[in-house]
J.: 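Dropping a structure here in structure tokens format, bear with me for questions.
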Amino acid sequence: MITRPLASTGLFVSALGLGTVKFGRNQSVKYPTSFDLPTDGAILSLLDLAREEGINLIDTAPAYGTSEERIGQLLESRRDEWVIVSKAGEEFHGDHSTYDFSRESISASIDRTLSRLRTDRVECLLLHSDGNDLDVLDHSGALEALAAAKEAGKIRAAGISTKTVAGGLRAVELGLDAVMVTYNPWYRDEEAVLDAAAEAGTSVFLKKALGSGWFGGGAAPENPVETALRFAFAHPATTAAIVGTINPAHLRDNCRAMREAVGEN
Ligand code: NAP
């Protein structure tokens, strides 16, 4: 598995990251099929397999139900093997999300995240935007909270998961360490953010690289995962594609497709 630098942290992340929405939440999600939350044993096996395949990057969030708690409990003894990305600003309550990007709320959220993950730091913390990206970046106080957390050593890199091109561009302009954007062969509206990030050296995490499992919804290409990963890494800005799965066979397929798409080194 090839690795890429995470901003200027000195850390390297695998080009394929493991998305963990499905570890902790199966309500109000938009995947093609409904599913039961995996057992602890199933998650442990999946994490073992991911490490065997060379994956060291895992993405979670307070908004992913019990994902953070479960990762904290199951990874505690092997914490140092992983680069953890989490988020702040969105909370999920049963069937709906609430958002708060005030400095106080983001700081409190980071502390809760560290406690749930049973760790003293996360390698990257992203604001989990509600779509009002420019407000979040310029008027909420959230960036001050990230700067303070970085200064305190609670987070190594800071950024935002955006929903708009303007927000992604602003994040790059502000010099944040990382952005998380949606980019796949069926949705390339945010490509300008990748272009700017490549220029600036901002780390880019792709969410929904497989179109959340829909692969565009229409007639899928013959090798949809490989097609999507080839597309993701054709752009020089891409640091890692965060692909969500709770199916070990899919995880293996995704790693194989990644090797086909971009090679191993
Ligand atoms: P995704 O990674 O594009 O797709 C995940 C879906 O694809 C799952 O339903 C998974 O089902 C399926 N899948 C995975 N590998 C497959 C394969 N080889 N063949 C067929 N189906 C496959 O989309 P996502 O989960 O929406 O996004 C990925 C991650 O990005 C999330 O887990 C999360 O960490 C992050 N994310 C962040 C935000 C944000 O606002 N920051 C938003 C969305 C997502 P199986 O479990 O059956 O494999």
Side-chain angles (χ1 to χ4, degrees), residues 6-9 19 21 25 28 30 59-65 67-68 84-117 121-183 187-208 237 239 242:
L6 170 57
S8 55
T9 59
V21 172
R25 171 172 160 187
S28 305
K30 294 176 183 161
D59 178 72
T60 183
Y64 301 167
S67 173
E68 285 189 321
I84 302 181
V85 178
S86 193
K87 310 191 187 73
E90 177 180 352
E91 302 278 338
F92 183 71
H93 311 276
D95 62 357
H96 70 284
S97 286
T98 57
Y99 298 88
D100 188 341
F101 296 97
S102 64
R103 179 176 178 157
E104 300 69 28
S105 177
I106 296 297
S107 295
S109 179
I110 292 170
D111 287 341
R112 278 195 303 276
T113 282
L114 296 181
S115 159
R116 288 180 190 137
L117 287 169
R121 84 288 176 192
V122 290
E123 282 72 23
C124 186
L125 199 290
L126 305 174
L127 300 173
H128 210 163
S129 177
D130 57 356
N132 296 306
D133 299 339
L134 293 178
D135 274 348
V136 171
L137 286 167
D138 289 329
H139 305 297
S140 67
L143 290 188
E144 286 85 339
L146 294 189
K150 213 169 157 182
E151 181 68 26
K154 295 177 181 179
I155 67 177
R156 297 281 299 273
I160 181 169
S161 173
T162 51
K163 295 191 176 174
T164 65
V165 172
L169 293 176
R170 181 74 181 131
V172 171
E173 184 183 46
L174 285 166
L176 298 192
D177 299 308
V179 288
M180 180 178 275
V181 299
T182 304
Y183 187 63
Y187 176 86
R188 53 195 302 172
D189 298 17
E190 296 170 34
E191 192 164 87
V193 180
L194 280 86
D195 296 342
E199 190 80 9
T202 312
S203 289
V204 175
F205 297 121
L206 303 185
K207 55 188 171 187
K208 307 181 188 178
T239 302
I242 309 292

J.: Tell me whether E68 contacts the main-chain N or O of L117 through its side chain, where contact means a donor paired with an acceptor under 3.5 Å.
T.: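 A pair under 3.5 Å: no.
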J.: Which atoms form the tightest heavy-atom contact between V172 and A200, and what is the distance?
T.: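 Looking at all heavy atoms of both residues, the closest pair is CG1-CB, 3.6 Å.
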J.: For E191, which residues count as a side chain to side chain donor-acceptor pair (under 3.5 Å) partner, sequence neighbours excluded?
T.: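 Applying side chain to side chain donor-acceptor pair (under 3.5 Å) to E191 gives Y183, R188.
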J.: Please report the closest heavy-atom contact between L176 and T202, naming both atoms and the distance.
T.: O-CG2, 3.5 Å
J.: Any ring-ring contact (aromatic ring centres under 6.0 Å, His included) pairs touching residues 144-173, not counting sequence neighbours?
T.: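 Every candidate ring-ring contact (aromatic ring centres under 6.0 Å, His included) pair involving residues 144-173 fails, so no pair, neighbours aside, qualifies.
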J.: Return the minimal non-hydrogen interatomic distance between I106 and L127, and the atom names on each side.
T.: CD1-CD2, 4.0 Å
J.: I'd like to check K154 versus D111 (side-chain heavy atoms, cut-off strictly below 4.5 Å). Are they in contact?
T.: yes
J.: Determine whether a donor-acceptor pair (N or O, by modelled atom type, separation under 3.5 Å) exists between the side chain of S203 and the backbone of A7.
T.: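 Looks like yes, one N/O pair under 3.5 Å.
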J.: If I take atom OG1 from residue T164 and atom CG from residue L169, how far apart are they, to the nearest 0.5 angstrom?
T.: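 Reported value, rounded in 0.5 Å steps: 8.0 Å.
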J.: Filter on ring-ring contact (aromatic ring centres under 6.0 Å, His included), then keep only pairs touching residues 139-172, sequence neighbours left out; what's left?
T.: none
J.: Taking all non-hydrogen atoms of both residues into account, name the closest pair between H128 and F101 and its distance.
T.: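 Smallest heavy-atom distance, with atoms named: O-CZ, 3.3 Å.
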J.: Are L146 and I110 close enough, and set up right, to give a side-chain contact (heavy atoms from CB on, under 4.5 Å), and what steps lead you there?
T.: CA-CA 9 Å; L146 294 189; I110 292 170; 4.1 Å; yes
J.: Taking the side chain as everything from C-beta on, heavy atoms only, tell me whether Y187 gets closer than 4.5 Å to K208.
T.: no
J.: Under a 3.5 Å distance rule, please check whether R156 uses its side chain to pair with a backbone N or O of R121 as donor and acceptor.
T.: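 The answer is no, because no donor-acceptor pair under 3.5 Å joins these two groups.
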J.: Check T162, I242, I160 against M180 for a side-chain contact (heavy atoms from CB on, under 4.5 Å) and give me the one that passes.
T.: I242
J.: Please evaluate residues V85 and T60 with respect to the criterion side-chain contact (heavy atoms from CB on, under 4.5 Å), reporting the C-alpha separation (whole Å), side-chain torsions for both, the decisive distance (0.1 Å), and the verdict.
T.: CA-CA 6 Å; V85 178; T60 183; over 6 Å; no
J.: For residues L114 and V122, determine if any side-chain heavy atom of one lies less than 4.5 Å from a side-chain heavy atom of the other.
T.: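 Answer yes - side chains close enough.
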J.: Between E123 and T9, is any pair of side-chain heavy atoms under 4.5 Å apart?
T.: no
J.: Measuring from D130:CG to T98:OG1, what's the distance to the nearest 0.5 Å?
T.: 10.5 Å
J.: Nearest 0.5 angstrom please: E190 CD to T182 OG1, how far?
T.: 5.0 Å
J.: With rounding to the nearest 0.5 Å, note down the distance linking CD in E91 to OG in S105.
T.: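 E91 atom CD to S105 atom OG measures 7.0 Å (nearest 0.5 Å).
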J.: To the nearest 0.5 Å, what is the distance between SG (C124) and NZ (K87)?
T.: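 Result: 9.0 Å between the selected atoms.
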J.: If the plane angle is over 60° it's perpendicular, under 30° parallel, otherwise tilted; pick one for H93 and H96.
T.: tilted
J.: Heavy atoms only: give me the nearest L134-A166 pair and the separation to one decimal.
T.: CD2-O, 3.7 Å
J.: List the atom of F205, the atom of A178, and the distance in Å for their closest heavy-atom pair.
T.: CE1-CB, 4.0 Å
J.: Is a donor on one side and an acceptor on the other found under 3.5 Å between the side chain of D177 and the backbone of G159?
T.: no
J.: Any ion pair linking K207 and D59 (charged N to carboxylate O, less than 4.0 Å)?
T.: no
